[in-house]
Each structure stands twice: as C-alpha cells, then as structure tokens.
2 protein chains.
Amino acid sequence: MRCSKVLHVEQKIDAPVSTTSQAPAWKQRAVERSTKAAKLRAEQRVERFLDAAQAIIMEKRTTDFTVQEVVEQSRQSLRSFYQHFDGKHELLLALFEDAMQRSADQIRAAASGQSDPLDRLKVAVHLLFELSRPGPTAQRPLFTEFAPQLLLSHPTEVKIAHAPLLTLFAELMTQAEAAGRLRASIKPRRAAALTMQTVMFVAQSSSVADDEHTHPITSEEAWDFCASGFAAP
Amino acid sequence: MRCSKVLHVEQKIDAPVSTTSQAPAWKQRAVERSTKAAKLRAEQRVERFLDAAQAIIMEKRTTDFTVQEVVEQSRQSLRSFYQHFDGKHELLLALFEDAMQRSADQIRAAASGQSDPLDRLKVAVHLLFELSRPGPTAQRPLFTEFAPQLLLSHPTEVKIAHAPLLTLFAELMTQAEAAGRLRASIKPRRAAALTMQTVMFVAQSSSVADDEHTHPITSEEAWDFCASGFAAP
DNA sequence: GTCGGTGCGAGAATAACATTCTCGGATATC
DNA sequence: GATATCCGAGAATGTTATTCTCGCACCGAC
C-alpha cells in the first residue's frame with residue numbers, strides 16, 4: 001500500500017547519549033538491539049499515521065483534516081503523534097513526498113512504453129498533467145492540493161520533494177538531447193524544471209472553468225506550449 | 001496611494017428594503033442621499049482597512065497578519081471590519097486584486113516603450129517575472145505570496161483577479177499575431193494564459209536557491225522557454 | 001515476584017486566531 | 001430634548017494546533 005522507505009521523518013528516536021566508540025562492545029550491542037526495536041516500532045507508528053491521513057484525505061476529498069482526526073483514525077495518541085512528527089506540516093510533507101515519488105514512478109513507467117524520446121516526454125507531460133489536476137479524477141492523493149500551502153511555509157522541503165520528478169524529466173530531456181531533439185540553446189535540466197513547473201501549475205488552474213466562453217487549458221495545449229513555445233519559427 | 005475604485009468589496013451596506021419604483025419620489029431622494037453618504041463613509045473605511053493591511057504587509061514582509069493588527073493599525077474596530085468584509089479572505093482578495101491591477105498597469109506602461117511586438121512581450125515577461133518573485137526585491141506587496149492560499153479557498157475569485165493581467169498579455173499576443181510573429185497553431189489568448197502562468201509560478205519558485213550547484217531559473221530563461229519551447233525547430 | 005524505568009493512551013490545558021456578540025457613547029435626525 | 005443609527009472597545013465563542021500531566025502496562029534487573 002505505502003512506500004516502505006520512510007522519508008524525511010523517522011529520526012529523533014535513536015539519540016543514544018554515549019554510544020561512542022569507547023563503550024564496551026556488549027553494551028553497544030545491547031543498546032543497538034534496543035534502539036533498533038525502538039526504531040522499528042517508531043516506523044510502524046509513523047506508517048499508521050500516514051495511512052490514516054491518507055485514508056481521511058481520500059474520504060473527505062480534501063487535505064483539510066485535523067491532527068485529531070488522524071490520531072483517532074490511526075487509533076494512536078496525540079502524544080505519540082507529536083513524538084514522531086515535528087508538527088502537522090511534517091505529516092503533510094511526508095505525504096507529499098510520497099505522492100511525488102509514486103507519481104514519478106508511474107510516469108516513468110508510462111513513458112518507457114515509447115521509443116521516440118519526444119514521445120516519451122509527451123506521454124510524461126500528459127500524465128503529469130492528469131495527475132496534477134484536482135477534482136474527482138484524482139484517485140491518487142490530491143497531491144497538488146497541499147503543495148501551495150507548503151510552498152509558503154516550507155519552500156525548501158517542497159523543492160526536495162520535487163526532486164524525483166525533476167530527475168525523471170531531466171532524464172527524458174537528456175535522452176531527447178542525445179537524439180538531437182532539443183533546441184541547442186537549452187540545458188536538459190533547465191528544460192525539465194521549466195516544463196515540470198508549467199505543466200503542474202497550469203493543470204492545477206485548469207480545474208476552475210473560465211466562467212465565460214473560454215475553455216480551460218488542456219493537456220494537449222500545455223504540451224504544445226512547452227515543446228514549441230509561442231513564437232513563430 | 002491606492003486605487004480609488006473599490007473592487008469586489010463595498011456592497012452589503014446599502015440594502016434598502018423597499019426603494020423600488022413605487023416609493024414616493026421625495027422618499028427615494030432622501031433615502032438615496034442617506035445611502036450615498038453611507039456608501040461614501042463605507043468606502044473610506046474600506047480604504048483605511050486596505051491601507052492598514054498594506055502597511056503591515058510591507059513592514060512585516062509577510063502576509064501573515066492578523067485581523068486584529070489590521071484593525072489596530074487602521075484605528076477602527078473589529079466590529080467595523082466584519083461589517084465591511086465578509087472575512088479575512090475578502091480583504092486578501094481585495095489586496096490581491098488591487099496588486100494585480102497595478103502590476104498590469106505598470107507592465108503595460110513598460111511594454112509600450114517597445115515598438116516590436118515581440119520586444120513588448122519580452123519586456124512584459126521580464127517585468128512580470130520580477131514583480132512575481134518574492135523576497136526583498138518586492139517593493140510592491142508580495143503579490144504572489146497569498147495567491148496560493150487563495151487559489152485553494154477561492155479559485156474563482158483568483159481567476160477574476162488575474163483578468164487584468166490576462167487581458168494585457170492577450171493584447172500583446174494579439175499584436176504579435178497580427179505581425180505574424182506567433183506560431184500559426186496557437187490562439188493569442190491561450191498563449192497569453194500559458195505564458196502568464198508559467199512566468200508567475202516559475203518566478204515564485206525561483207526564490208528558493210537550489211541548495212546545491214543548480215542555480216535558480218532566471219527571467220531570461222523563462223522568456224526563452226515561453227517564446228521558443230524546448231523542442232528543436 | 002517486585003522495583004524502577006520507559007513508552008504510550010487519554011485527555012486536560014494552553015495559545016493563537018477568526019468571528020460574533022454586547023454594551024455604552026457619540027452623532028445625527030426629527 | 002427624544003430617538004434612532006453608527007461605531008469603538010473589548011468580552012465571548014469556536015476551532016485548531018501544540019504542549020503538558022497522569023496513570024497504566026510492559027520489561028529487564030535484582
């Protein structure tokens with residue numbers, strides 16, 4: 001169900017005060033066994049919190065849950081929550097990071113179905129667009145939903161969370177470059193960052209219907225724009 | 001100092017229950033004089049709240065002010081605040097709308113200095129980029145700062161607030177199209193929307209330094225990207 | 001088996017805000 | 001001067017996040 005690797009959370013459990021190299025070996029081992037067990041338990045608890053939050057988000061179709069709800073759903077205690085997370089924001093961050101990682105995986109898999117480098121990029125862009133748009137379509141956590149919140153309070157961490165996706169797009173761009181399909185004047189990583197941002201944010205806004213005659217921007221348009229820009233050749 | 005036209009706020013003062021066409025004329029006039037005065041006062045009050053909020057934002061370099069602070073700074077009362085605004089979000093919206101309007105004006109003025117349509121667009125993009133990035137540079141209210149918050153809670157209103165900028169870019173794009181400088185396959189308004197979004201959001205993220213070797217994306221890169229895309233011609 | 005310690009559930013206490021309500025006092029209207 | 005309206009001051013309420021305090025259950029040591 002959930003990624004087993006625990007993200008930027010965990011730590012703050014095993015803080016042995018004097019397990020430096022001068023302690024007797026048996027003591028070291030004992031302490032280690034103890035801390036290892038503790039760490040395991042901690043991971044399971046963190047896991048349960050994350051799953052609970054996930055479940056709530058899925059059910060309420062929004063990221064506006066309270067810590068209380070998470071605690072109740074996970075059948076643990078508030079005390080425990082704050083023992084494992086620095087605050088709500090860390091929980092959100094963890095979920096966000098997880099969602100990004102999964103999305104990156106999913107997109108990578110989808111893109112690998114194409115042989116032409118530009119087709120790979122195209123598939124990636126379309127899928128990212130779909131995954132980024134809010135609304136009922138989002139089976140996956142509504143993963144762009146809290147990005148804005150976090151972007152304000154913890155921009156650095158958000159950037160870290162973006163890393164897997166950025167890496168993926170950088171890979172695809174590099175392949176395109178190798179095939180001579182990239183404009184000479186642009187670096188793959190740069191193109192990747194710009195494309196990613198554009199697609200994600202445009203997708204996000206595309207949910208709200210322009211009340212009037214104007215239709216929201218589509219995945220196809222976003223792709224065309226990123227690929228070709230707007231200026232005449 | 002501030003735009004005189006009051007935005008989407010005001011109203012909710014003059015709600016005459018029976019000023020329809022069947023009331024006697026003298027009464028109508030009396031009521032009108034009264035409501036007009038009331039409206040005037042209301043506008044001044046709204047004005048003071050907006051100015052106060054602006055001042056606080058400028059001073060604290062963040063949009064995280066409390067309603068209390070605004071009330072105190074404006075030397076009015078909480079009661080009055082809630083009589084004129086539906087809540088804090090309306091105040092934010094008003095500020096945001098105002099900031100967008102001013103930015104649009106500023107950009108339009110700057111762009112008009114160029115004669116070539118693409119140069120106009122280029123100037124517009126660069127200025128928008130500068131205005132959108134947070135940090136100490138922002139002499140103007142940090143106007144993208146609350147956009148994310150509002151985008152979540154009131155997407156429709158945010159879209160409305162974007163209108164002046166969108167219109168401006170649409171104008172510039174249309175001029176470019178008329179001069180045959182736009183790709184044939186793209187509609188001016190679409191190009192405008194895409195460019196605007198891309199520039200604003202990329203600028204926003206560009207503030208956080210990629211901790212490592214990577215430099216943040218520059219205004220110039222954003223322009224190149226929007227104008228030419230990433231694919232080889 | 002009992003003792004001291006530790007992990008943790010339950011939930012009370014605190015704090016920061018937004019939002020609402022209530023009370024007078026000023027000012028204007030008749 | 002009586003009365004209605006507006007409005008400042010600030011108390012009251014409600015919602016969360018976050019911290020604190022208790023007490024119990026488990027575990028290894030003696």
Side-chain angles (χ1 to χ4, degrees), chain A residues 12-17 26-27 29-49 52-53 56 60 62-93 146 149-150 153-154, chain B residues 12-17 26-27 29-49 52-53 56 60 62-93 146 149-150 153-154:
Chain A
K12 77 172 65 50
I13 307 301
D14 46 353
V17 184
W26 63 267
K27 198 166 189 175
R29 264 179 280 119
V31 167
E32 183 165 328
R33 188 161 46 246
S34 162
T35 56
K36 189 168 288 181
K39 183 181 249 176
L40 198 66
R41 251 173 305 142
E43 276 173 13
Q44 288 179 335
R45 279 164 179 276
V46 165
E47 199 72 357
R48 284 170 62 191
F49 283 126
I56 294 172
K60 304 210 324 182
T62 173
T63 56
D64 263 348
F65 55 83
T66 73
V67 176
Q68 268 303 331
E69 290 175 311
V70 173
V71 163
E72 278 158 24
Q73 169 92 29
S74 73
R75 311 209 281 118
Q76 294 179 95
S77 69
L78 215 48
R79 187 178 189 286
S80 200
F81 180 87
Y82 283 101
Q83 194 164 343
H84 295 291
F85 294 91
D86 204 40
K88 188 182 181 179
H89 66 101
E90 249 197 23
L91 173 63
L92 284 173
L93 235 15
F146 25 54
Q149 301 181 0
L150 295 173
S153 48
H154 305 271
Chain B
K12 82 172 61 50
I13 308 300
D14 47 352
V17 184
W26 63 267
K27 199 164 186 174
R29 262 179 280 121
V31 167
E32 182 165 327
R33 189 164 44 245
S34 162
T35 57
K36 189 167 287 176
K39 183 180 249 174
L40 197 68
R41 250 174 305 144
E43 276 173 12
Q44 288 179 336
R45 276 160 182 276
V46 165
E47 199 72 356
R48 282 168 65 190
F49 282 125
I56 294 171
K60 306 210 323 182
T62 172
T63 56
D64 262 349
F65 55 84
T66 73
V67 175
Q68 268 303 331
E69 290 174 310
V70 173
V71 163
E72 278 158 23
Q73 168 92 29
S74 73
R75 309 207 286 117
Q76 295 178 92
S77 69
L78 216 49
R79 188 179 190 286
S80 201
F81 180 87
Y82 283 101
Q83 195 164 342
H84 294 291
F85 293 90
D86 205 39
K88 189 181 180 178
H89 67 103
E90 251 197 22
L91 174 63
L92 285 173
L93 235 15
F146 25 54
Q149 301 182 0
L150 295 173
S153 48
H154 305 271

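Hydrogens, waters and symmetry mates are skipped; everything else that's a heavy atom, side chains included, is used. Proteins get letters first, then strands, A, B, ... in listed order; numbering begins at 1 in each.
For the pair A:Phe81 CZ and D:dT19 C1', the computed distance is 13 Å after rounding to whole Å. Note: CG (A:Leu92) to P (D:dT18) measures 10 Å, nearest angstrom. One atom, NE2 of A:His89, and another, P of D:dA17, lie 12 Å apart when rounded to the nearest Å. Between the CD atom of B:Gln83 and the P atom of D:dC6 there is a distance of 8 Å, rounded to whole Å. Taking atom CD on B:Glu72 and atom P on D:dC7, their separation rounds to 19 Å, with Å as the unit. Between B:Glu69 atom CD and C:dA16 atom P there is a gap of 13 Å when expressed in whole angstrom units.
Between B:Val67 and B:Tyr82 the shortest heavy-atom distance is CG2-OH, 3.9 Å. Among all heavy-atom pairs drawn from A:Phe65 and A:Ala53, the shortest one is CZ-CB, 4.4 Å. B:Phe81 and B:Val71 make their closest contact through CB-CG2, 4.1 Å (heavy atoms, listed as atom of the first residue, atom of the second, distance).
In terms of phosphate contacts, A:Tyr82 brings no side-chain nitrogen or oxygen within less than 4.0 Å of OP1 or OP2 of D:dT19.
Qualifying side chain to side chain donor-acceptor pair (under 3.5 Å) partners for A:Arg45, counting only residues two or more places apart in sequence or in other chains: A:Gln76, A:Ser80. Partners of B:Gln73 according to the side-chain contact (heavy atoms from CB on, under 4.5 Å) rule, which considers only residues two or more places apart in sequence or in another chain, are B:Ala52, B:Ala55, B:Ile56. Taking the salt bridge (Lys or Arg N to Asp or Glu O under 4.0 Å) definition, one finds that A:Glu69 meets it with A:Lys60, sequence neighbours left out.
Over its length, the helix from C:dG1-D:dC30 to C:dC30-D:dG1 turns its helix axis by 10°, as judged from the five terminal pairs at each end, rounded to 10°.
A donor-acceptor distance shorter than 3.5 angstrom exists from the side chain of A:Arg48 to the backbone of A:Arg75, with no hydrogens or angles considered.
The aromatic rings of B:His154 and B:His89 lie parallel to each other, with less than 30° between the two planes, well short of the 60° mark.
Between atom CD of residue B:Glu47 and atom CZ of residue B:Arg41 there is a gap of 16.0 Å, rounded to the nearest 0.5 Å.
Listed candidates were D:dT16, C:dC8, C:dA18. Nearest to the side chain of A:Arg41 is C:dC8.
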Please write out the pairs of protein N or O atoms and N or O atoms of nucleotides 27-30 of chain C separated by less than 3.5 Å, giving the distance to one decimal.
none

Protein-nucleotides 8-12 of chain D N/O pairs under 3.5 Å:
unit_1: D:dG8; atom_1: OP1; unit_2: B:Arg45; atom_2: NH1; d: 2.9
unit_1: D:dG8; atom_1: OP1; unit_2: B:Arg45; atom_2: NH2; d: 3.0
unit_1: D:dG8; atom_1: OP2; unit_2: B:Ser77; atom_2: N; d: 3.4
unit_1: D:dG8; atom_1: OP2; unit_2: B:Ser77; atom_2: OG; d: 2.6
unit_1: D:dG8; atom_1: O6; unit_2: B:Arg79; atom_2: NE; d: 3.0

